[in-house]
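Here is how names work: the chains are called A, B, and so on, in the same order as the sequence lines, proteins then strands, and each is numbered from 1.
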Protein chains: 2
Amino acid sequence: MLVVDDDPQLRRALRITLRAAGFDVVTAEDGRTALAEAAAAAAHPDLVVLDLGLPDLDGTEVLAGLRPWFTGPVVVLSARGDSSDKVGALDAGADDYVTKPFDMAELLARLRAALRRGTADPGQAQVVTDHFTVDLAAKQVTVDGVPVRLTPTEWALLSELVRNPGRLVGQRELLQSVWGPAYERETNYLRVYLAQLRRKLEPDPAHPRYLHTEPGMGYRFLKDPPPPVG
Amino acid sequence: MLVVDDDPQLRRALRITLRAAGFDVVTAEDGRTALAEAAAAAAHPDLVVLDLGLPDLDGTEVLAGLRPWFTGPVVVLSARGDSSDKVGALDAGADDYVTKPFDMAELLARLRAALRRGTADPGQAQVVTDHFTVDLAAKQVTVDGVPVRLTPTEWALLSELVRNPGRLVGQRELLQSVWGPAYERETNYLRVYLAQLRRKLEPDPAHPRYLHTEPGMGYRFLKDPPPPVG
DNA sequence: GCCGGGCGTCAGGATCCCGTCAAGACCACC
DNA sequence: GGTGGTCTTGACGGGATCCTGACGCCCGGC
């Protein structure tokens, strides 16, 4: 179980209470580390408790970053009790919405209920473009409906990019998460594997539409690229 | 969708709003008719909205009467906001708990969230392919109608794969659920038993159609594989 | 015009991984 | 004590995958 909240005191209280209730708890204090923690293969939480008021990212952004691939329940905490906030979070993929201050016994009951119901339907965990589809839960890529085989390295690289649609992912960031911290300088690995991914996914690998290079910086995945220039 | 409430005015308001939102609505005004309506084969609601304050039965009794067989989500309405009431209802099998008075937009969002998670489809206990059938409840496998004997280990492995059709199941995941966490590195177990399963199930074990290997990652069961080449 | 950095491409060889087979260990039952 | 079935373990060959270095291209700076 991953608990995301910026208030150290509440984080501590939640950690203690949830551990006492028999849950395995990992915490994060901002949106970036939350997404990193959730994606860490070792942790792979079964449930996420997410505070909406985070210092770096809006809570709904974290939710959006989580939902493409995370199929477990997400319970949102928030100090804001407006109906529109609740509707927004629930429709963005949250499974429950609890306003602060909350009763701990109630939160525990809601977590039990969320876990009991099990995982979200797997169909949602897809990133779809006009030309190919990446199913992050099933680890499957289809181009024009035809399944395409990716090697482990290709998959690790692609999923890292696809989980951040539109965002520039630095080369160091990519190298670190795919090959490990010791390979931060091997930028040629990226060149080789990006080329392979483009060969397998892009309609015209020589003129990539979805997997863009930002020279000197990194790479960027675009879900809805502008149409090719003629 | 079945709406249970004794207040005619609220019942009417809910019926109108929910119908406008595209739901199929049936109503009941007390616990007995609610249980009867829910059980009526024709209706068989996908979701139940249940008021706890009913004239004849306690709401929790209705919940208890529903839960043994009803697998869809139950959203509880109640005028009582005590934490203990909420905990009791949630632990009795409710999926969400909304206190009156409530905001209609919020209720709708919560209903959508409850429905989105899918009706926890208890997984059709039968997985059928063109060539063999796996009965998860009866622990029985038939190939072309002929029963096939599987060893306990083979069965554990197969059921783990078959429960996730189309999804890539990691080797660590498989090893952990079949042999236990201490065996996460014994990938040769998988090789041996996958070979045995293929010998017993695949029409051509040398060219598997249903039990696919994803090198370096895991295995994938395909329910509807493309026809064999040549 | 020259130069260097960054990128895409290609191909070859080392390495890892998988399928296969078979022999031994273990267990339950007879 | 014997027997059959099941599970482990090791070894081997073939193939896929990964790493690596070399080359040419583009572009901006000098």
A.B. asks: Is the shortest heavy-atom distance from the side chain of Glu29(A) to the side chain of Thr27(A) under 4.5 Å?
C.D. replies: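 The answer is no; the side chains never approach within 4.5 Å.
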A.B. asks: Counting side-chain heavy atoms from C-beta on, which of dC21(C), dT9(C), dT17(D) comes nearest to Pro152(A)?
C.D. replies: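 Output: dT17(D).
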A.B. asks: Give Tyr183(A) one of three labels, base, sugar-phosphate or nothing, depending on what nucleic acid heavy atoms sit under 4.0 Å from its own.
C.D. replies: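 Answer is nothing: Tyr183(A) stays at 4.0 Å or more from every strand.
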A.B. asks: Find the distance between CZ (Arg172(A)) and CE (Met217(A)) and round it off to the nearest 0.5 Å.
C.D. replies: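 Output value for this atom pair is 11.0 Å.
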A.B. asks: If I take atom CG in residue Asn188(A) and atom P in nucleotide dG24(D), what distance separates them, rounded to the nearest angstrom?
C.D. replies: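 Distance, rounded to whole Å: 18 Å.
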A.B. asks: Please report how far the helix from dG1(C)-dC30(D) to dC30(C)-dG1(D) bends, comparing the axis fitted to its first five pairs with the axis fitted to its last five, to the nearest 10 degrees.
C.D. replies: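 Inter-axis angle at the termini of the helix from dG1(C)-dC30(D) to dC30(C)-dG1(D): 30°.
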A.B. asks: Quick one: which of dG8(C), dT9(D), dT9(C) gets closest to the side chain of Thr213(A)?
C.D. replies: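 Nearest nucleotide to the side chain: dG8(C).
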A.B. asks: Just by distance, do the side chain of Arg11(A) and the backbone of Asp5(A) share a donor-acceptor pair under 3.5 Å?
C.D. replies: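 Yes: the side chain of Arg11(A) pairs with the backbone of Asp5(A).
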A.B. asks: Only one of Asp91(B), Asp95(B), Asp96(B) clears salt bridge (charged side-chain N to carboxylate O under 4.0 Å, His left out) with Arg110(A); which?
C.D. replies: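 It is Asp96(B); the other options fail the test.
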A.B. asks: Between dC19(D) atom P and Tyr193(A) atom OH, what is the distance in whole Å?
C.D. replies: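 Atom OH in Tyr193(A) sits about 5 Å away from atom P in dC19(D).
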A.B. asks: Hey, which of these two, Gly216(B) or Arg199(B), hits DNA chain C nearer its 5' end, going by closest nucleotide?
C.D. replies: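 In this pair, the answer is Gly216(B).
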A.B. asks: In whole angstrom, give the distance that lies between atom OH of Tyr189(A) and atom C1' of dT20(D).
C.D. replies: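 Going from Tyr189(A) (OH) to dT20(D) (C1'), I get 8 Å.
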A.B. asks: Could you tell me how far apart Arg185(B) (CZ) and dT8(D) (P) are, to the nearest whole angstrom?
C.D. replies: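 Whole-Å distance recorded here is 18 Å.
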A.B. asks: Please report the distance, rounded to the nearest Å, between CZ in Arg191(B) and P in dA22(C).
C.D. replies: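 Checked: the CZ to P distance equals 17 Å.
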A.B. asks: In whole angstroms, how far is the P atom of dG8(C) from the CD atom of Glu214(A)?
C.D. replies: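 Taking CD of Glu214(A) and P of dG8(C), I get 11 Å after rounding.
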A.B. asks: Ignoring hydrogens and geometry, is there a side-chain-to-backbone donor-acceptor pair from Arg67(B) to Gly93(B) under 3.5 Å?
C.D. replies: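 Checked: pair present.
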A.B. asks: How many whole angstroms separate atom CD of Gln196(B) from atom P of dG5(D)?
C.D. replies: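 Taking atom P of dG5(D) as the reference, CD of Gln196(B) is at 14 Å.
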A.B. asks: Heavy atoms from C-beta onward define the side chain here; which of dG8(C), dA16(D), dT20(C) lies closest to that of Ala195(B)?
C.D. replies: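 From the listed options, dT20(C) comes nearest.
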A.B. asks: Among Asp135(A), Thr142(A), Thr133(A), which residue meets the side-chain hydrogen bond (donor to acceptor under 3.5 Å, both in side chains) test with Gln126(A)?
C.D. replies: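 That would be Asp135(A).
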